[in-house]
S.K.: 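Quick one: structure below, then a few questions.
So you know, we letter chains A, B, ... as the sequences are listed, proteins then strands, and number each from 1. The basis for the numbers below is simple: all heavy atoms, side chains too, and nothing from hydrogens, waters or symmetry mates.
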Amino acid sequence: MDPSGYEHLSPAEAIAYQEELRHKISIHELTKPINTIAGADISFDRNSDILYAGIVVFKYPEMTVIATSTAISHTEFPYISGLLAFREVPALFNAWNNLYTKPDVLVLDGQGIAHERRMGIATHFGLLTNVPTIGSAKSRLYGKYQEPADKIFAESPMYDKGELIGIALRSKENCNPIYISPGHNINMQQSVDVIKKCIRGYRIPEPTRQAHFLVNKIRVENSEKNNRQYNLFD
DNA sequence: GCGACAG
DNA sequence: ATCTTGTCGC
């Protein structure tokens with residue numbers, strides 16, 4: 001299904017689609033060397049249904065920016081916990097298609113398989129594009145875990161009925177942990193190793209941190225542009 | 001019935 | 001996610 005059709009799905013249909021897609025998830029070692037990595041994020045206006053998507057590509061492991069892309073899209077699908085992909089993936093897909101240089105790995109702001117149906121936004125986007133993806137979330141959605149020690153890079157496994165679905169990682173001392181889980185076409189260990197190499201003094205790994213700055217910037221620019229046009233009628 | 005609940 | 005200043009702690 002083309003993601004542009006997501007906004008017409010009911011929550012029940014979206015869940016049924018996740019159950020259908022979950023059979024195609026592949027969590028395995030990424031053997032291809034990683035030379036580039038990207039971060040993707042979304043920003044949106046308080047009222048409108050406009051989503052601002054952005055992707056920032058870096059050389060890895062140097063982490064120098066080599067490319068960016070953005071897309072401004074409209075959505076009707078509301079935010080529903082567990083169904084985030086149906087709201088944000090269409091916009092991210094547009095930004096992805098605007099990217100000339102596709103990265104070897106993509107980090108998304110949200111869960112990978114650390115999801116009730118293993119279908120977090122990172123897994124969903126990976127299945128859609130077939131790019132290896134990693135989910136890096138700022139808060140927990142699913143799974144039980146013990147608080148990791150307050151020591152840089154301390155880890156604590158996240159489980160669902162005995163199954164390992166993610167890792168709570170202390171990316172910075174005195175800060176809440178971040179929740180890492182593979183999305184698609186990469187395994188748990190590699191996901192954590194890669195994210196660790198993307199931590200540069202802040203709680204949020206550089207890929208999604210920079211993508212966050214980018215989408216906020218284009219959101220402000222766009223709203224200022226709209227304000228200027230509106231003011232022509234003053 | 002009650003609590004949890006990515007962005 | 002977004003709205004927002006000061007303020008507590010390392």
S.K.: Taking only N/O atoms, report every protein-nucleotides 1-4 of chain C pair under 3.5 Å with atom names and distance.
M.R.:
from	atom 1	to	atom 2	distance (Å)
C:dA1	OP2	A:Lys138	NZ	2.6
C:dT2	OP1	A:Ser43	OG	2.7
C:dT2	OP1	A:Asn216	OD1	3.0
C:dT2	OP1	A:Arg219	NH1	2.8
C:dC3	O4'	A:Arg46	NH1	2.8

S.K.: With a 4.5 Å heavy-atom cut-off, do A:Pro148 and A:Glu155 have their side chains touching?
M.R.: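 No, side chains not in contact.
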S.K.: Any side-chain heavy-atom pair from A:Val194 and A:Tyr60 closer than 4.5 angstrom?
M.R.: yes
S.K.: Would you tell me if any nitrogen or oxygen in the side chain of A:Arg140 comes within less than 4.0 Å of OP1 or OP2 on B:dC5?
M.R.: yes
S.K.: Nearest-Å distance, CZ (A:Phe77) to P (B:dA6)?
M.R.: 15 Å
S.K.: Quick one: is A:Ser139 getting a side-chain N or O under 4.0 Å of the B:dG7 phosphate, OP1 or OP2?
M.R.: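 So the side chain of A:Ser139 is within the cut-off, an N or O lying under 4.0 Å from OP1 or OP2 of B:dG7.
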S.K.: Base, sugar-phosphate, or nothing for A:Gly82, non-hydrogen atoms under 4.0 angstrom?
M.R.: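 A:Gly82: base contact, heavy atoms under 4.0 Å.
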S.K.: Test the A:Arg209-A:Tyr202 pair against the cation-pi criterion, namely NZ or CZ under 6.0 angstrom from the six-membered ring centroid and within 45° of the ring axis.
M.R.: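 Yes, a cation-pi geometry.
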S.K.: Rounded to whole Å, please give me the gap between NZ in A:Lys144 and P in B:dC5.
M.R.: 12 Å
S.K.: Might you confirm whether atom NZ of A:Lys102 has over 12 heavy atoms from other residues, nucleotides or ligands at distances under 6.0 Å?
M.R.: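 Enclosed: over 12 neighbouring heavy atoms sit under 6.0 Å from NZ of A:Lys102.
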S.K.: To the nearest Å, how far apart are A:His115 NE2 and B:dC5 P?
M.R.: 14 Å
S.K.: Using a 4.0 Å heavy-atom cut-off, does A:Leu51 contact any base of the nucleic acid, only the sugar-phosphate backbone, or nothing at all?
M.R.: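 If one applies the 4.0 Å heavy-atom cut-off, A:Leu51 turns out to touch nothing in the nucleic acid.
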S.K.: With A:Phe86 as reference, evaluate A:Tyr6, A:Phe93, A:Tyr79 under the ring-ring contact (aromatic ring centres under 6.0 Å, His included) test and give the passing residue.
M.R.: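 With A:Phe86 as partner, A:Tyr6, A:Phe93, A:Tyr79 yield a single ring-ring contact (aromatic ring centres under 6.0 Å, His included), made by A:Tyr6.
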S.K.: OP1 or OP2 of B:dA6 less than 4.0 angstrom from a side-chain nitrogen or oxygen of A:Tyr79, does that happen here?
M.R.: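 Yes, A:Tyr79 has a side-chain N/O under 4.0 Å of OP1/OP2 on B:dA6.
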S.K.: For each nucleotide in nucleotides 5-10 of chain C, reading 5' to 3', give B when a protein heavy atom comes within less than 4.0 Å of its base, S when such contact involves only the sugar-phosphate, and - otherwise.
M.R.: -----S
S.K.: Just the rounded figure in Å: distance from P of B:dA4 to OH of A:Tyr145.
M.R.: 13 Å
S.K.: Under 3.5 Å, is there a donor on one side chain and an acceptor on the other for A:Asn222 and A:Arg219?
M.R.: no
S.K.: In terms of heavy-atom contacts, does NZ of A:Lys196 have more than 12 from other residues, nucleotides or ligands at under 6.0 Å?
M.R.: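 Counting other residues, nucleotides and ligands, NZ of A:Lys196 exceeds 12 neighbours.
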S.K.: Any chance CD of A:Glu76 has more than 12 other-residue heavy atoms, nucleotides or ligands included, within less than 6.0 Å?
M.R.: yes
S.K.: OH of A:Tyr179 versus C1' of B:dG7: gap in Å, rounded?
M.R.: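 The distance from OH of A:Tyr179 to C1' of B:dG7 comes to 15 Å, rounded to the nearest Å.
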S.K.: Roughly, in whole Å, what's the span from CD in A:Gln111 to C1' in B:dA4?
M.R.: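 To the nearest whole Å, that distance equals 13 Å.
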S.K.: Only one of A:Ile178, A:Asp109, A:Leu169, A:Ile37 passes side chain to side chain contact (heavy atoms under 4.5 Å, CB included) with A:Pro205; say which it is.
M.R.: A:Ile178
S.K.: Taking NE2 from A:His124 and P from B:dG7, how many angstroms apart are they, rounded to a whole number?
M.R.: 18 Å
S.K.: Would you mind reading off the distance between A:Ile121 atom CD1 and B:dC5 atom P, rounded to a whole angstrom?
M.R.: 19 Å
